[in-house]
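Chain identifiers are assigned alphabetically (A, B, ...) following the order of the sequence lines, protein sequences preceding nucleic acid strands; residue numbering begins at 1 within each chain.
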Amino acid sequence: MYIFKNAFRCISRAKGRNILIGLVVMVLSISSCLGLSIKQANKTLKKQYANDMEITATLNQKKMNQNGIELETLEEYAKKESVKSSYKTASLYFSAGDSIEPLDVAGSFQKNKDFKDKYGDIKNGEERTESSTSTTGTSQTSNESGTVVLLAETESQEQTTSESANESKSEEGTESKTEGNSSKENEGNSTPNTDNGDSNGDFPTPPSDSNGTDNSGAPSMPGGGGDTFITNKFFFNMASMNDFTVVGYADEDALPEYVATLDVLSLTSDDNSCVISKNLAEENELEVGDTFTLKNPENEDETYEFKIVGIGDSSLSSNSSETSSNASFEDNYIHISYKSVEKIVAASTELNGTATTEDNEEKQIALSPTYSMTYVFANLSDYNEFKDSVSEDYSVVSDDVSNYEESVNQLESLGKYATYFLIVIFIIGAFVLVVINLFSIRNRKYEIGVLTAIGMKKFKVAMQFVIELFVVTFVALIIGSSIGAVTSVPVTNKLLSTINSTSTAEVADNNSTASTSSSEQKQNSNTPPEMPDGNSKGNGFSDKFDPSNFGGMAKNYVASINSATNITVIFQMIGIGILLTLVSALSAMLFIMRYEPLKILNSRD
Amino acid sequence: MENVLELKDLSYSYTKNSPKIINGLNLSFDSGKIYAVVGKSGAGKTTLLSLLSGLAKPTGGSILCEGKDISKIDKYKYRSKYVGVIFQSFNLLPYLSAIENVMLSIDVSGIKVKNKREYAKEILLKVKLEEDELDRGILKLSGGQQQRVAIARALAYNPQIILADEPTGNLDLDTQSEIMNVLRMLADEGKCVIVVTHSPDVSKLADCVYELKGKQKK
């Protein structure tokens, strides 16, 4: 007991020395707290992600065929137990009709040097398309699912049902096959085929971080995500052809944010009311209440009228500020209800039959929708279960998973540096503490001599010194940990933002001229936990059309953390503190054990 | 009179090959007496005191304390129970007050005392330290006062043997006399007081004087 009393007395006596030790320990504590907090945040995030985060995913075909994934198949998968909910979209591809011209979104991509260097320009891309399709021998004229056709003719505003339309569609379609694949100059008739599954193997894979998904880096068409593999290359082609994609939504959750916020699109009606982008409206001087027509690319006489009920700013939900002022793919998207799509398809099917090309191949003239199903999973294990259950013919793509993992990688690398940092801190800390302690003991040699001379055991003397060290260390540890706990979150966030800004700068550099508006980012229930920036990619539909994916760069999925220092960190801190003190105390004890009182007292005398 | 300490063929050398400072010393110390150990510098007076206090180990022979060989007794226990050592330079802990130094010695020895402070005070008053000096820091006390505190500390656990190394070496004549009076008082109480000194005044006050250098002298 007197050892404790003596220890406390010595602590209050040697204030300077103890303050120095305290400061050293405090700095070590703050640093350790930061390091441990970063590591802990990483663990917590990953755990929460695995357990709590809702994940959206879409189904892709590994080997493409003309028909894509059947709606029945998509719906069959939606019934699986692991799927929490699902929503579908159907896309139709139209050429320009009356009163409306599509925006040219190809130019901006052509400016992108990296892309041009890597994939060539659009012309080359077209050649590539041709080459790939000729290898596989699939029909180029088919636009059954995902075909994009550019036709600038605008004759009729009303849906035409004349027989001549049926006649012309066959000729046009045949012609478009030849021209569309031969040269971009003939853009009016070019018909690259998104349905061409073989293109997946032939198109260059966009630069992308490895993230475990099959097609994470490649954007695909809205509504076409379920059955098409569309590469960046294809987008160039598609964009250059100035077409329209009409997307029908069956569920509010599937709506892009800028459309959903307008709250004007009724998904229960089939009256072809639509929402278009502000850029498209301005370009065509259209206003709410106006109507325009679009044509079946395979049958120019088959037109459909759409009424504008809302105009939204597609750039509002863009990731990149650079893209806001320029046209994007999404500007050529027309958002309608699923029922309207169904009605159009029914009308088109009724109007058109199956045509036969010169090669005696069947050719679909009627508008055929491309279906996409977005599956929502309650957590990662459900997602994995679903992924495992999916047939080998399909692949499950989730930008939620891939993007988050990319971001978690940032945190992991931060955690890795934190570990090195901790090791360095531990070594330096232990060294500094040992040195300070040894100097302190040398200065207190006389005290040790007196205490042992009057009969105090060396072990007890050493214990007194250890207690002193522990008390000082403990107090400094508490203060240091408190400061560390308070500063760990902002410091970690600062580090994350530094990493993120570097990442963003790289993206900006890579895509400096790729002025595309980003997809809508749904801020719905899909937002994962611990993502205060809300930058989650909750909507499979829109995710796949995110231009930031073009560079394959990591998204700033984890831009900040909410809580870093918890009880685990505190225990780890105490552990480190005890270990450091023990290392230091051990050296002190060894020194004390070496001292002989007689020598000490004699040397003093 | 009771024999409390006995040296049998005691020898000591710093190293194995170095000459023996103490060679085959046979001495006997009784309770109730003051012994003065004198001799020239280097004669081994302080070494003898170190051997007697258990701070050094004899290289030959033995020291018997109350009939027990001290090499068989735990050296810390021996120092904190059997002998009280008074150093020439006092060797008090400067960060403690007079009374705290004595109380620390009580703590170290592990003796059970009802009121430690009162007990320490009693001892300090006994060695003629003023009451107002009890809580004074050691460095604020005079040499004589510090020596009284050192004596009190040595008495804290009531040992039978008091060993004093030049207890008056740093003190003026008056103080020397006062300290010697205290030591006399302790001897009168039945303690065996062994004083290492080269002061003739101190040796005069001793009951028995041993002169080192191979000779034993009454």
Side-chain angles (χ1 to χ4, degrees), chain A residues 1-21 437 439-469 471-472 589 592-605, chain B residues 12 14 46-47 49-57 73-97 100-111 113 116 137-139 149-150 152-157 159 163 165-166 169-170 196:
Chain A
M1 188 64 195
Y2 74 93
I3 295 174
F4 283 95
K5 207 171 153 185
N6 227 26
F8 281 106
R9 196 181 279 140
C10 289
I11 290 167
S12 63
R13 178 176 58 90
K15 286 190 187 76
R17 181 193 68 212
N18 290 316
I19 286 170
L20 180 64
I21 293 175
N437 226 9
F439 272 106
S440 159
I441 284 164
R442 275 180 69 87
N443 288 338
R444 296 173 70 183
K445 211 165 149 183
Y446 166 69
E447 187 183 336
I448 296 165
V450 171
L451 289 169
T452 48
I454 63 171
M456 190 165 168
K457 289 185 178 177
K458 278 183 187 174
F459 176 74
K460 284 188 176 176
V461 176
M463 281 308 294
Q464 180 191 312
F465 279 60
V466 171
I467 290 165
E468 284 176 36
L469 195 63
V471 171
V472 174
M589 285 174 85
I592 290 168
M593 292 304 196
R594 273 180 49 222
Y595 287 143
E596 284 302 325
L598 186 63
K599 282 184 187 171
I600 297 169
L601 298 179
N602 282 347
S603 65
R604 186 177 169 84
D605 288 341
Chain B
Y12 184 82
Y14 287 113
T46 303
T47 304
L49 198 82
S50 298
L51 290 167
L52 294 178
S53 62
L55 290 169
K57 273 186 179 175
I73 306 169
D74 177 72
K75 60 183 175 183
Y76 297 105
K77 190 179 174 186
Y78 177 73
R79 275 181 232 157
S80 61
K81 279 189 168 37
Y82 290 80
V83 291
V85 186
I86 302 159
F87 298 94
Q88 182 180 2
S89 52
F90 322 129
N91 287 341
L92 296 165
L93 290 175
Y95 57 87
L96 299 179
S97 65
E100 282 171 343
N101 265 286
V102 179
M103 285 163 71
L104 177 67
S105 189
I106 296 167
D107 285 329
V108 171
S109 69
I111 59 163
V113 185
K116 216 183 293 173
I138 290 300
L139 298 176
V149 176
R153 185 180 67 181
L155 293 172
Y157 40 89
L163 303 171
D165 184 10
E166 300 278 9
N170 295 331
V196 167

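Of the listed residues (I3(A), L451(A), N6(A)), the one with the most heavy-atom contacts under 4.5 Å to chain B is N6(A).
With a threshold of 4.5 angstrom between heavy atoms, K458(A) approaches chain B through its backbone and through its side chain. Only the backbone of L92(B) comes within contact range of chain A, with at least one heavy atom under 4.5 Å from a heavy atom of that chain.
Classified by interplanar angle (parallel below 30°, tilted 30° to 60°, perpendicular above 60°), the ring pair Y78(B)/Y82(B) is parallel.
Cation-pi geometry between R79(B) and Y76(B) is met: under 6.0 angstrom from the ring centre, within 45 degrees of the axis.
Considering R13(A), E447(A), R9(A) in turn, E447(A) is the only one that fulfils the side-chain hydrogen bond (donor to acceptor under 3.5 Å, both in side chains) rule with Y95(B).
Atoms CZ and CG, from F439(A) and L20(A) in turn, are 11.5 Å apart once rounded to the nearest 0.5 Å.
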